[in-house]
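Below: the structure, in structure tokens.
Any value given below was found using the heavy atoms of this structure, including those in side chains, with hydrogens, waters and symmetry copies removed.
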Amino acid sequence: DLANCKLMTFPVGIYKAMRSVTEGIHHISLANNELKSLTSRFVTTFSQLRELNLAGNYLHRLPEEVTSLLHLRAINLSRNRFRRFPEPLAAVTALETIDLEENEIAEVPVEKLASMASLRSLNLRANPVGPEVRLLVRPLVPFDLLLSPEEPIPKA
């Protein structure tokens with residue numbers, strides 16, 4: 001748990017210190033730091049992750065290597081700076097829960113999400129998801145999709 005540490009990057013010394021035990025690390029929290037990116041080294045080092053909490057950072061994309069996290073079941077990316085759905089997540093077959101609340105996501109790759117067999121919950125509350133996405137997503141996805149209520153259109 002390295003939450004609330006004002007980290008701007010993942011500490012390099014931890015890679016060396018934990019080299020012999022990384023296979024046994026299944027949960028990491030880096031919530032509420034100042035991370036602007038996640039490195040491919042982080043992802044490949046902690047390849048056995050089941051839960052990853054990156055809420056409350058400045059992330060706007062994920063490295064392609066995220067697709068190698070074969071055991072990842074839950075990822076929390078709420079309160080970050082994503083403008084697009086992080087598409088590498090669509091290839092993580094074990095993912096059950098994705099939390100993207102309070103980002104800047106307007107478009108969602110509906111077809112890719114619909115093909116995610118393990119996905120049970122996708123939280124897109126407090127994102128500027130358009131009405132067309134709402135119409136497309138509901139009949140196609142077999143999981144819980146959490147969206148904010150639509151804002152009423154102001155009358156001129």
Side-chain angles (χ1 to χ4, degrees), residues 1-5 7 10 14 18 21-151:
D1 184 353
L2 291 172
N4 303 299
C5 292
L7 296 175
F10 188 78
I14 290 181
M18 303 190 83
V21 296
T22 56
E23 296 293 310
I25 296 174
H26 297 156
H27 308 276
I28 291 181
S29 178
L30 290 164
N32 305 313
N33 280 294
E34 298 172 15
L35 300 174
K36 289 192 172 101
S37 66
L38 198 61
T39 64
S40 53
R41 182 179 183 187
F42 174 87
V43 174
T44 55
T45 300
F46 300 104
S47 61
Q48 300 300 310
L49 282 179
R50 286 170 175 68
E51 291 182 28
L52 180 56
N53 185 351
L54 294 165
N57 280 286
Y58 301 111
L59 299 171
H60 59 92
R61 64 180 192 79
L62 293 176
E64 276 303 314
E65 289 80 2
V66 164
T67 60
S68 68
L69 294 175
L70 303 178
H71 308 287
L72 189 66
R73 291 190 316 247
I75 189 163
N76 186 341
L77 295 166
S78 63
R79 301 183 330 277
N80 272 283
R81 302 246 168 103
F82 287 93
R83 292 183 183 275
R84 316 173 83 158
F85 180 88
E87 295 213 17
L89 292 180
V92 181
T93 55
L95 257 179
E96 297 172 3
T97 305
I98 302 172
D99 188 343
L100 282 160
E101 186 168 355
E102 283 187 57
N103 276 278
E104 300 163 24
I105 298 170
E107 294 179 34
V108 181
V110 178
E111 298 79 22
K112 288 182 180 179
L113 292 173
S115 68
M116 294 179 71
S118 298
L119 193 60
R120 300 286 167 257
S121 174
L122 171 59
N123 183 353
L124 287 170
R125 287 186 184 120
N127 277 283
V129 175
E132 67 286 350
V133 172
R134 293 169 184 275
L135 292 172
L136 276 173
V137 173
R138 292 274 182 223
L140 289 178
V141 296
F143 52 82
D144 291 331
L145 177 66
L146 308 173
L147 294 167
S148 296
E150 284 190 76
E151 297 291 320

Compare every heavy atom of [Y] with every heavy atom of [X], then report the nearest pair and how far apart it is.
X: E65; Y: T44; result: CG-CG2, 4.2 Å
X: I98; Y: M116; result: CD1-CE, 4.1 Å
X: N103; Y: P128; result: O-CD, 4.1 Å
X: F46; Y: I25; result: CE2-CD1, 3.7 Å

* **Residues, nucleotides or ligands: over 12 heavy atoms within 6.0 Å of R41 CZ** => yes
* Asked: So with a 6.0 Å cut-off around CZ of R50, is the heavy-atom count from everything else above 12?
  -> yes
* Asked: From R73 CZ over to E96 CD, what is the distance, rounded to the nearest 0.5 angstrom?
  -> 6.0 Å
* To the nearest 0.5 Å, tell me how far I105 CD1 sits from R83 CZ. => 11.0 Å
4.5 Å side-chain heavy-atom contact, [X] and [Y]:
X: S68; Y: V43; answer: yes
X: E23; Y: S47; answer: yes
X: F85; Y: V129; answer: no
X: L122; Y: L113; answer: yes
X: S29; Y: D1; answer: yes

* So, does N53 use its side chain to make a donor-acceptor pair with the main chain of I28 at under 3.5 Å? -> no
* Counting only N and O atoms by type, is there a donor-acceptor contact under 3.5 Å from the side chain of D99 to the main-chain atoms of E101? -> yes
* side-chain contact (heavy atoms from CB on, under 4.5 Å) between R125 and E102, intermediate numbers included -> CA-CA 6 Å; R125 287 186 184 120; E102 283 187 57; over 6 Å; no
* **Under the side chain to side chain contact (heavy atoms under 4.5 Å, CB included) test, residues paired with T93 that sit two or more places apart** => none
Please report, to 0.1 Å, the donor-acceptor pairs under 3.5 Å made by any side chain of residues 30-38, with sequence neighbours excluded.
residue, atom, partner, partner atom, Å
N32, OD1, R79, NH2, 2.6
N32, ND2, N4, OD1, 3.4
N33, OD1, C5, N, 2.9
N33, OD1, K6, N, 2.9
N33, OD1, L7, N, 2.9
N33, ND2, L2, O, 2.8
N33, ND2, L30, O, 3.0
N33, ND2, A31, O, 3.3

* Checking salt bridge (Lys or Arg N to Asp or Glu O under 4.0 Å) for the pair K112/E87: CA distance, chi angles, key distance, verdict? -> CA-CA 8 Å; K112 288 182 180 179; E87 295 213 17; 2.4 Å; yes
* Structure fact -> side-chain contact (heavy atoms from CB on, under 4.5 Å) with L77: of L100, N123, N57, only one passes, and it is L100
* Structure fact -> side-chain contact (heavy atoms from CB on, under 4.5 Å) test vs L72 passes for just one of V92, T67, T97, namely V92
* Evaluate the ring pair (Phe, Tyr, Trp, His ring centres under 6.0 Å) criterion for residues Y58 and F82: first the C-alpha distance (whole Å), next the side-chain angles of each, then the deciding distance (0.1 Å), finally the verdict. => CA-CA 8 Å; Y58 301 111; F82 287 93; over 10 Å; no
* Asked: Does the side chain of H60 come under 3.5 Å of the side chain of R81 through a donor N or O and an acceptor N or O?
  -> no
